J.: 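Please read through the structure below; I'll follow up with questions.
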Protein chains: 2
Amino acid sequence: MAKTDTKTRILDTAERLFAQKGFDAVSLRNIIASAKVNLAAVHYHFGSKQALVHSVIARRLRPINGERLTNLAEARAKSGRRPLKLERVLDCLFRPLFRVQADPKAGPTFARLVGRVMGERNEGLHKFMMGELAEVIIQFGAAFEAALPGLTKEEADWRSHFMAGAMAHTLCNADLLVRFTGTDADASDYESTVRRLIDFTAAGFRAKVSPPTRPRKKK
Amino acid sequence: MAKTDTKTRILDTAERLFAQKGFDAVSLRNIIASAKVNLAAVHYHFGSKQALVHSVIARRLRPINGERLTNLAEARAKSGRRPLKLERVLDCLFRPLFRVQADPKAGPTFARLVGRVMGERNEGLHKFMMGELAEVIIQFGAAFEAALPGLTKEEADWRSHFMAGAMAHTLCNADLLVRFTGTDADASDYESTVRRLIDFTAAGFRAKVSPPTRPRKKK
DNA sequence: ATTTAATTCAAACGACTGTTTGAAACATGC
DNA sequence: GCATGTTTCAAACAGTCGTTTGAATTAAAT
């Protein structure tokens, strides 16, 4: 085992290529050519391309989701019986995800990958992600409700949806914005990204619900 | 020309399938089988698959962007020399896009398609979209600046980014949320979707900029 | 050293991809 | 009528796709 394991070399290469061009656009032959392994090795170690995709995602996402949940639990413990502040909950949700951008091992590639997953229409992948995120959705959904006592459940769901969109899009096109504004966010500047995202989404969650616009004509 | 034109039948079918499964996942043979036309007809009328994708998008997006710009111009004219309210600007941006969900001709399929485009990593498609959106980005960027006098240009760019993410994700997964909450949004209820999105993003834009978190250790 | 298991390898499988071709079918103008 | 240009059609092109196979290689265990 002098050189890196075949299995992890496949994972690393697949992660990089998937993040760059998408899951469908990258073929197994692209991966094995770049990873310098045999084509059959993919099926030997993972079984199928679909399973490889799942492994690539799960390897990073599972620790992230674990960190999210422990962060939330710790915050809850520290705050005693006082309800958690919304910004605190959002921080627990965002930080573990954006921190991997600063991680030299994972690199900025994976974050983009996670952002991309949410836009995929692949049925199996969607099911898989929902399974991975199930506990996170439950715990943080409850935390949001607790932090926003005045808000309808329905409205809270919609706003969680908006928040998820802002988060995913930011991950997916992190480099895009950097080029526009000149900030170098690929460095350990993920802190300011998280701060900006919290500012925006927390205010969005707390927004006053405006009354429905009266219809111009009766149907 | 008793039955619908071949060209538009290809466009309609491609739009529907692309929205359901994505651009890469749908082959030309899937399209021509469902549209009941010959395979070569695609290349005869459009030249290539890439060109077909562009046509599918442009057919709906171009009128939408036109409507966005005229709405903004009209709002500006009505408001005289008073600066436009942020909510008004957002309404001009969102409404034409979400209105197509209620359009029985376009159906809810196209909206999803637009949402999906933003997550695509395809280089050519991205260039194409930027070209289509150029004027919209310029005009509305200026309108946001005018409506948010206190905000840095940099912070405004980030928040525009967050807003775009919330918008795209909402379009892309409109059905998802509907199933959860029980609202039937595929009907002409796009009004309330727009209202909710305006509430959320307007508050996000106006959020107080919190100071940077002090670093735990000096690097 | 011999047996057993785990891993790598080249080669092929059938199915599918976007695109091209050249001949038919159609419509239109003279 | 014939000629013109436009549109449709079946068939094939050259690749690429994910997956499978069976032998060759390496590692581990006895």
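Everything numeric in this text was worked out from a predicted model, so none of it was measured. The figures that follow rest on heavy atoms only: side chains count, while hydrogens, waters and symmetry mates do not. Chain naming here is simple, since letters A, B, ... match the order of the sequence lines and numbering starts at 1 in each.
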J.: Rounded to the Å, how far apart are Asn38(A) CG and dA24(D) P?
T.: 15 Å
J.: Considering only NZ, NE, NH1 and NH2 on the basic side and carboxylate oxygens on the acidic side, decide whether Asp199(B) and Arg195(B) come within less than 4.0 Å.
T.: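 Between Arg195(B) and Asp199(B) there is a salt bridge, with a charged N closer than 4.0 Å to a carboxylate O.
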J.: Is any side-chain heavy atom of Phe162(B) closer than 4.5 Å to a side-chain heavy atom of Arg196(A)?
T.: yes
J.: Sequence neighbours excluded, which residues qualify as ring-ring contact (aromatic ring centres under 6.0 Å, His included) partners of Phe46(A)?
T.: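 Partners of Phe46(A) under the ring-ring contact (aromatic ring centres under 6.0 Å, His included) test: none.
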J.: Counting neighbours of CZ on Arg68(A) that are heavy atoms of other residues, nucleotides or ligands and sit closer than 6.0 Å, is the number greater than 12?
T.: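 It does: Arg68(A) CZ has more than 12 such atoms within range.
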J.: Specify the separation, in whole Å, of atom CG of Leu17(A) and atom P of dC17(D).
T.: 12 Å
J.: Output the residues of residues 39-55 of chain B in contact with DNA chain D, where contact means a heavy atom of the residue under 4.0 Å from an atom of the strand; sort by number or write none.
T.: Ala40(B), Tyr44(B), His45(B)
J.: To the nearest Å, how far apart are Ile31(B) CD1 and dT19(C) P?
T.: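 Atom CD1 in Ile31(B) sits about 11 Å away from atom P in dT19(C).
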J.: Whether the side chain of Lys49(B) engages the backbone of Phe23(B) through a donor-acceptor N/O pair (distance < 3.5 Å, no angle test) should be reported.
T.: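 Checking the backbone N and O of Phe23(B) against the side chain of Lys49(B), a donor-acceptor pair under 3.5 Å is found.
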J.: OP1 or OP2 of dT7(C) versus the side-chain N and O atoms of Thr6(A): is any pair under 4.0 Å?
T.: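 Checking dT7(C) against Thr6(A), no side-chain N or O comes under 4.0 Å of OP1 or OP2.
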J.: Has the side chain of Asn65(B) got a donor or acceptor atom that lies under 3.5 Å from a matching backbone atom of Arg62(B)?
T.: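 It does not hold such a pair.
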J.: Ile10(B) CD1 to dT7(D) P: how many Å, rounded?
T.: 12 Å
J.: Can you tell me which stems DNA chain C forms when a stem means 3 or more consecutive Watson-Crick or G-U pairs under 3.5 Å?
T.: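 Stem list for DNA chain C: C:2-6 with D:25-29, C:8-24 with D:7-23.
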J.: When the distance from CD1 of Ile32(B) to C1' of dT19(C) is rounded to whole Å, what number comes out?
T.: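 To the nearest whole Å, that distance equals 13 Å.
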J.: Whole angstrom is fine here: how far is it from NZ in Lys36(A) over to P in dC9(C)?
T.: 13 Å
J.: Would you name the heavy atoms of Leu72(A) and Ala143(A) that are closest together and state the gap between them?
T.: CD1-CB, 4.3 Å
J.: Is there a side-chain polar atom (N or O) of Ser27(A) under 4.0 Å from OP1 or OP2 of dT16(D)?
T.: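 No, no such contact exists.
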J.: For Asn122(B) and dG18(C), what is the distance between atoms CG and P respectively, to the nearest whole Å?
T.: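 Rounded to whole Å, this separation is 13 Å.
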J.: Let me see the working for Asp157(A) and Ser160(A) under side-chain hydrogen bond (donor to acceptor under 3.5 Å, both in side chains), right down to the final yes or no.
T.: CA-CA 5 Å; Asp157(A) 281 346; Ser160(A) 300; 5.1 Å; no
J.: Nearest 0.5 Å, please: how far is CG in Leu97(B) from OG1 in Thr193(B)?
T.: 11.5 Å
J.: Can you tell me how far P of dG18(D) sits from CZ of Arg29(A), to the nearest Å?
T.: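 Interatomic distance, CZ of Arg29(A) to P of dG18(D): 7 Å.
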